[in-house]
Amino acid sequence: MKYSIPKTITNIESGWCPGCGHGIVTRLLAETTEELGISDKVIIVRDVACGSMQSGVVTYNNIGAAHGRTIAVAAGAKRIRKEDIVIANPGDGSAYSIGIESTMHAALRNENILALVVNNSVFGMTGGQMSPTTLPGQKTTSSPYGRDTSYNGNLLDIMKVLNTFDIAYLARGSVDSPSAVMKAKKYIKKALMMQQDNKGFCLVEILSPCPTNWGLSPEDSLKFIKEKQQEYFPLGEYVDKGGYDK
Amino acid sequence: MKYSIPKTITNIESGWCPGCGHGIVTRLLAETTEELGISDKVIIVRDVACGSMQSGVVTYNNIGAAHGRTIAVAAGAKRIRKEDIVIANPGDGSAYSIGIESTMHAALRNENILALVVNNSVFGMTGGQMSPTTLPGQKTTSSPYGRDTSYNGNLLDIMKVLNTFDIAYLARGSVDSPSAVMKAKKYIKKALMMQQDNKGFCLVEILSPCPTNWGLSPEDSLKFIKEKQQEYFPLGEYVDKGGYDK
Amino acid sequence: MAKTLMKGNEALAESALRAGCRFFSGYPITPQTEILEYMSWRMREVGGEFVQTESEVAGINMLFGASAAGARALTSSSGPGFSLKQEGISYLCGTELPAVIVDVMRIGSALGNVFQGQGDYWQLTRGGGHGDYRTIVLAPASVQENADMAYEAFDLAEKYTHPVLIASDAAIGQMVEAVELKDFHDHDINKYDWVIKGRKEGEDKRIAENVYYAMGADEYKDFLLEKYKRIEDNEQKWESVNTEDAEVVLVSYGISSRVCKEAVKIARKKGIKLGLIRLKTLWPFPKKAFDALTSDIAGFLCVEMSILGQMVDDVKLATDNKFPVKCYSEFSNVPDPAIIIERAEKMLLENGGRK
Amino acid sequence: MAKTLMKGNEALAESALRAGCRFFSGYPITPQTEILEYMSWRMREVGGEFVQTESEVAGINMLFGASAAGARALTSSSGPGFSLKQEGISYLCGTELPAVIVDVMRIGSALGNVFQGQGDYWQLTRGGGHGDYRTIVLAPASVQENADMAYEAFDLAEKYTHPVLIASDAAIGQMVEAVELKDFHDHDINKYDWVIKGRKEGEDKRIAENVYYAMGADEYKDFLLEKYKRIEDNEQKWESVNTEDAEVVLVSYGISSRVCKEAVKIARKKGIKLGLIRLKTLWPFPKKAFDALTSDIAGFLCVEMSILGQMVDDVKLATDNKFPVKCYSEFSNVPDPAIIIERAEKMLLENGGRK
Amino acid sequence: MIGEIVCSGFGGQGVLVAGMILAYAGMGQDKYVTWFPSYGAEMRGGTANCNVKISEDEIASPYVKEIDVLLAMNETSVDKFENQIKAGGVMVVNSSIVSPNRDFRSDIKVVKVPANEIARREANPKGLNIIMLGAMAGATEIFEPDYLKSAVDKYFADKGKVNPKNSLCFDAGINSCII
Amino acid sequence: MIGEIVCSGFGGQGVLVAGMILAYAGMGQDKYVTWFPSYGAEMRGGTANCNVKISEDEIASPYVKEIDVLLAMNETSVDKFENQIKAGGVMVVNSSIVSPNRDFRSDIKVVKVPANEIARREANPKGLNIIMLGAMAGATEIFEPDYLKSAVDKYFADKGKVNPKNSLCFDAGINSCII
Amino acid sequence: MEKISIDVSRCKGCGYCICVCPSGAITKSEEVSKKGYTVISVDESKCVQCGSCYKMCPDYVFQIF
Amino acid sequence: MEKISIDVSRCKGCGYCICVCPSGAITKSEEVSKKGYTVISVDESKCVQCGSCYKMCPDYVFQIF
Ligand SMILES: Cc1ncc(C[n+]2csc(CCOP(=O)(O)OP(=O)(O)O)c2C)c(N)n1
Ligand SMILES: Cc1ncc(C[n+]2csc(CCOP(=O)(O)OP(=O)(O)O)c2C)c(N)n1
Ligand code: SF4
Ligand code: SF4
Ligand code: SF4
Ligand code: SF4
Ligand code: SF4
Ligand code: SF4
Ligand SMILES: [Mg+2]
Ligand SMILES: [Mg+2]
């Protein structure tokens, strides 16, 4: 088969809303780990946010971390399971708001994990409040008149923050089109290879639709990513210490 | 008098060790606020760390914040006291380790306060443990064989992190010599003027000796700042949105 | 003011604003989020400060600053987020700062779930933070009380310069009832002599820190014992329902107590002498409600949504262990009036009279 | 092994390593810091993982991950830092993960001070975090016990797949005594079937999350009640000193209990029949120690370093309120044997016999 | 006690608003009312419901145990709540998507309303819930149809969301159930 | 009970180590020992002290209330602890910096040791505490001087910090107090 | 057949596959799933096996031969 | 006189002033303060009133006229 559902995807229906990007990101994770032959080494550490619904969808053993603590928990687990591949799977709220301390310090300590951040520019799970990546003008339930940066604060672009850090890999992908999906997959795969080779901290952020809380149709959500979200959060590789491009 | 002790310095003996930089920074704060005629507006928010001993030394009303929370507490106070000048006075441990989340997010929200960070590259108050700014090779009570960055993590240079943020002012000074002291004073003064004009978040970091925990004589401590600390933490102004240079 | 239909969480938020609250800092968590969402637009309308903070820890600490600066300040959370505020609550107590903190209880330890629960009773009444302290804990059982207690909480907090907690729950927070809101009250941020602001010439120096540093450790001990005694003497609040002739008395609060009221109604129709003490303060525990009872009681039945029956000890202590005390506890289900009555009947059978 | 002189904190750390602990994550705070400092070099020597985390919150959460992955994991803190760990402790409980968490108690709410205190009793025994849970709380009173209990704590934690707290204090942590350390024990991180690791073909899927999700809310209720009952039945630990014929029984733990022992010695010399129940577990509270007493007791005197007398309620509950219970509490001073005896004599006068 | 009502259906069918309108209407007649939603993770599955109580006396528990009236906007709602209806109670069923072949309880009154079709006809896809309310007004005594209709209008007017189509939907609901 | 000792002085004078050596020596004779330091903010002021108990029986409280022997290395130490010494107890005073003109209690034995001068003479500025221990050995019965001296050596040997000057200091301490 | 296999029971009707299919092979069907989603159907004859639908589908509906 | 005034009771003997004084006017005295610090003394005749000591002193000992 040219494209087959990865074996590590279960046939349990996911809890995600129609058009939710978490489902795509999860498939990429399943594909890449299978392609690398590391399926039997994966430990996922998920947040309590929408990413938590991944647990039912994949066959991987996993840990449910407190909100904002996936990266700390993953770092703790990895230090005990050095042969395993440990992936933290936070959302933007988790990694950049409540959990920013550990995002920064795990990067400083160059913890040998992958932080795979699903950035949907809102707190999805709790009903769509503003997050550190909510765009200027974007309406959320806690910025009902649209984010006004002078009132609600500026955006956090983690690429700019971790840019200068001595980590293994830092990249931002998106799932707004088939080609973007393939690029995002490449980023994730590279990061996993680096973890296999003990290169250190990798953070891959994926721009991901949350039609429910954006108040947009799934199709318009993809447009929103392309036209709006990427304007503030440009795609690409920001740190690459690996040399894993063939 | 050419140089007189600022009126806002009390004659209570400080609790600091001989040669502690906190004393110099405190005087700069007293001088600048007096020169700007804002002594009667100052609210200091101090950590529980060595900076807390400032409380007895100055006549200013002040708030003792929990460790790591000076910036959050100051931002809260400033929002209520918009006419006052609110200065958070954390150490490097406070601002960059436990309190990094609020350092980042107060900057994102451009809270109209001054964070005056006394960076002595250790947790002074608790007896000299490693902090995020402890230098490679530096011995501390929690890195007794010297900081090994691959074991203890890399250094956090806040200038590199906040560099790209939309804040009012970001600078790093030092108190290792009379001329450095005067430059540091200029930075602090500029930041205070910006707060007066509601320009937003200012962070001024001051490299400061902790002879006690560095295990050095006070004199050698100054050398350490010049020769070692500044190598990793270069002095200068990093963000300046104010135009307050005459 | 006429009555309007409001959600419990929103009524609480609006009422806090009317009480003069002009500072809110918090972080979303179900089932508390509507408080934050309401504040996100409404606070701006009334000219106050709203901050969605980076975390609950930042939320309680920004509130600490705002409170020290003299504002009526509010934060709110649930479950895990409320736990993160415990250090800050201890700081408010030790520093003697007034503030109002809402815990919209949900179920379970760890993540648990977003549904109604009452498992934070110990955390609320015994101090989830470090050190020796208590906080007044108000326990609303209706949308109206969510509003009234939020209003009153600020007065209480200032009366004792102490944080006041509101132990709301997911059910009270999510439900809608008619509510009558109180008028807007102006709060003067300079009202109190402990408020931190720029120090004007000639004024005494003010420091917001552990009050015991200034008064000395020994005096602090007496001060604290006296203060808590004063609160215990003055602030016990409860509602007694049909307790005069009750043979079994239910003890309950919040959403569970509403089910208990229904049970009392049904039981009375059946001729069973059931009564109810509904706690309106969890601390101080309304011991006076128990003191007032006659001694012909077959026992007390605690009805609560906590597996471990967290309220039981307090009832035993309040009654000097003179009566049987049982517990009907639920976890994810709401207590059932039928089961309540069944249990009460069983107690009557077992302990016809006094122990 | 021969005896060596060690500081309480260091003995605790070394002993944890000998018990097979290979993961420590924590943040400095006096008077706990020596544990962290000791681990900073010693953990590397024994081939384990040491992390000075960015905060206490990160510390407890890294530990959560290490524990889920199968390690014997330790974190420690004091006062404010211990409060910040409450969310994480609740997560460990709900997720049923073993771990050892040390609270080296200091005095006061808020910042308080770094000196010995026992003001965290409620926080420790009633769960400072959200939701329905208890944790075993061990209370060492000597450097030797600091070592022994740290060793034993890991076994207990695994026996119940539950966090175990050690309520040490500044005095026990800072003092030096001779100590005999146990041998090194190897811990197999794959020992338990709940341990999270890469899932090999054919293995059952493992998830570390609230255990109630898998078992269902109703079953969880029974499960939890049974589990805590089992702990209460099996894990009560105490030391009775001269209680056989005692007329007044002191109740105390940790550093205060050592002063009490001295008081008992002195009192006995004077012919006063003083006894002592020293709690070695704060929870489960050693009710059995009280059950074993005769009824000719004039009363119990709680001796503790907490202003509000936090242990008193537990003694009343353990004795069904059948005896007078008084409290001699200190804040910044260490209890004084002379005052203890004076208070005991007063109790004897007031309540010559049984209440 | 005037009535204990459960409104249930898919998220998006307006079940919570239907319940709110009933509570609002009750309050307009100086009754005691409570409205209690299902929420959180429960809703993500796709089903939402709310409990409404309307009473002359103060309402103790807001939870509906024995239902007087069930507005069942989809199949799962019938599955879930039919058994809780009191003997003699009323179930208004959205017959557009609830299979007409299923067996309903015989001791209750079942009112079948092709709500989706009506909504389509009235070009008011968001009017499903109003149609159901209309049907309920026609089939029960809890509110006078005219009063409830005016309450619907007033409810939306209060929110500044007036939509003249609502009134048509309401009428269509009443009519459909009279047929 | 063999002895309850307080060592007190400026931070840096080695008072905590002096106490530790006493505890170590006690343990070497199979006695029960406890050592308890002042610490934290208290120490920042400049004064440090520790409580040492040495006993044949298990030690209950580690706090010294009534002092058998006080090693007072500076003025404040005398101010603070002299009154806690038991009648008949011993106070070893660092007479280099404790004013020789002050009145001491007459019901205790006061041993004046010019410790700073001796240390200077022996070119061992860190030997202050050892000198004081020597003096104590000479003036009290708690330890045989030779045993304590060997314990000092063993203590430092265990730590890998052998310093032959310590022995000279110890002797000088004994001698100074015999004089 | 055998170009593509679909499991419409998983489909949530988001429409991603429809808008990325280069050959217009995918359309909304009339079928409404149990959860109330209008699922898709594929006109296999039009399918060029590009895999775009597979790549975008958040609910693992497609497999391409 | 009147070039400089010092309050040696505050001095903690850190020596900063000594090492920054361009004219060698400051030296350690023999005096030991109550807290055990060897304090400084100033040879005012040498002082050029540059203010360096003032700027560096962490304990507010100096004032320059
Ligand atoms: C300590 C704590 N605070 C808040 C919450 C509530 N909460 C759960 S998930 C979440 C935010 C989710 O946003 P994000 O991390 O971006 O993930 P998404 O759902 O958008 O994928 C919040 C605030 C919680 N469970 N615990
Ligand atoms: C929550 C909490 N954690 C830890 C501490 C202990 N503590 C007090 S100050 C401090 C670090 C001080 O370092 P820094 O912030 O750099 O200030 P400095 O003393 O070096 O000026 C620590 C760890 C505390 N009081 N509260
Ligand atoms: S709320 Fe948003 S992020 Fe969460 S499942 Fe729905 S679409 Fe996905
Ligand atoms: S420990 Fe360091 S920072 Fe603290 S007072 Fe002493 S010198 Fe200053
Ligand atoms: S594989 Fe390509 S052509 Fe075929 S259905 Fe999918 S998107 Fe269309
Ligand atoms: S992308 Fe998948 S879920 Fe979405 S409509 Fe197509 S098949 Fe259905
Ligand atoms: S003012 Fe300058 S010259 Fe005078 S004493 Fe001070 S440093 Fe020396
Ligand atoms: S700088 Fe100040 S404290 Fe230091 S030696 Fe000079 S006068 Fe004394
Ligand atoms: Mg998100
Ligand atoms: Mg520091």
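In what follows, every chain begins at residue 1, and chains take the letters A, B, ... in the order their sequences are listed. Everything numeric in this text was worked out from a predicted model, so none of it was measured.
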When you look at [atom1] of [X], are more than 12 heavy atoms from neighbouring residues, nucleotides or ligands closer to it than 6.0 Å?
X       : atom1 : answer
K31(F)  : NZ    : yes
E45(D)  : CD    : yes
E144(F) : CD    : no

Are [X] and [Y] packed together at the side-chain level, in the sense that at least one heavy-atom pair is separated by less than 4.5 angstrom?
X       : Y       : answer
L5(D)   : V33(F)  : yes
P337(D) : K65(F)  : yes
Y63(F)  : I255(D) : yes
S61(F)  : K261(D) : no

Looking at Y24(F), W35(F), F36(F), which hits side chain to side chain contact (heavy atoms under 4.5 Å, CB included) with V176(D)?
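With V176(D) as partner, Y24(F), W35(F), F36(F) yield a single side chain to side chain contact (heavy atoms under 4.5 Å, CB included), made by W35(F).
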Where R258(D) and T34(F) come nearest, the two heavy atoms and their spacing:
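Nearest heavy atoms, R258(D) then T34(F): NH2-CG2, 3.8 Å.
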Shorter than 4.5 Å, heavy atoms on both sides: which option in M175(D), E177(D), K265(D) has the most such pairs with chain F?
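Looking at each option in turn, the highest pair count goes to M175(D).
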What part of [X] is in contact with chain F, defined as an atom under 4.5 angstrom from a non-hydrogen atom: side chain, backbone, both or neither?
X       : value
V259(D) : both
A141(D) : neither
A171(D) : both

Hey, does the side chain of E262(D) reach the backbone of A60(F) with a donor-acceptor pair shorter than 3.5 angstrom?
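It does not hold such a pair.
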